[in-house]
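A note on names: the letters A, B, ... follow the listed sequences, proteins ahead of strands, and every chain is numbered from 1. All values reported here derive from a predicted model rather than from experimental measurement. As a basis for the values below, the full set of heavy atoms in this structure was taken, side chains included, without hydrogen atoms, waters or symmetry mates.
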Amino acid sequence: MKSEPDELSIDAALATQTIAWFGVRNYQARNFMRDTMRVGDGVLFYHSSCAEPGIAGIAEVASVAYPDDTQFESASKYFDPKATPENPRWFQVDIHAACKTRLLGLPEMRTCEALSDMLVLKKGSRLSITPVTANEWATIMGLLGK
DNA sequence: GCCAACGTTGGC
DNA sequence: GCCAACGTTGGC
């Protein structure tokens, strides 16, 4: 899951009990949260749009998906006039930050053959949430010494 | 700040 | 349902 450290860094996430991952406004990313995430799933906390993009920590999914209230709030930048509480369009999950890791930067990830198919590394990939396979997870834990 | 890549919107 | 125009993302 991508987070801009200026918005929410791994340090800030660790200082927060439960992080509500609101504001996702992309259908694919929404579907990953709603349809494939389960409580207890591992999360790679990725710093994006910053000097050193890469994996900065590990977190855990702490809830199933539930409606993102900001879609109903007309004053919110995440407001969606086409969404209603009866028929919500956008969902969020709760996340619990587990630990900070050394920064596993993009260049290092790209040199790793076992990670070459990771969605987040694909050219032009802009999805803020992408799935990680069990093998990719294991490879990354190895690189992080976890 | 640039720009490639991608998603969304809306006219037709 | 096509596709041009536009907006956004995010690495560099």
- Item | Leu127(A) vs Lys82(A), nearer the 5' end of DNA chain B by closest nucleotide | Leu127(A)

- Message: Surrounding CZ of Phe72(A) (heavy atoms of other residues, nucleotides or ligands, distance under 6.0 Å), is the total greater than 12?
- Response: yes

- Message: Using a 6.0 Å cut-off, check whether atom CD of Glu52(A) has over 12 heavy atoms from anything other than its own residue.
- Response: no

- Query: Is it true that a side-chain atom of Lys2(A) and a backbone atom of Leu127(A) form a donor plus acceptor pair closer than 3.5 Å?
  - Reply: yes

- Task: Give the intermediate values and the outcome of side chain to side chain contact (heavy atoms under 4.5 Å, CB included) for residues Thr70(A) and Gln92(A).
- Result: CA-CA 10 Å; Thr70(A) 59; Gln92(A) 67 192 64; 5.8 Å; no

- Task: Would you indicate what Glu4(A) reaches in the nucleic acid, counting non-hydrogen atoms under 4.0 angstrom: base, sugar-phosphate, or nothing?
- Result: nothing

- Could you give the start and end, 5' to 3', of the contact zone on DNA chain B for chain A, using atoms under 4.0 Å from its heavy atoms? dA5(B) to dT8(B)

- Which residues pass the ring-ring contact (aromatic ring centres under 6.0 Å, His included) test with Tyr27(A), sequence neighbours left out? Trp90(A)

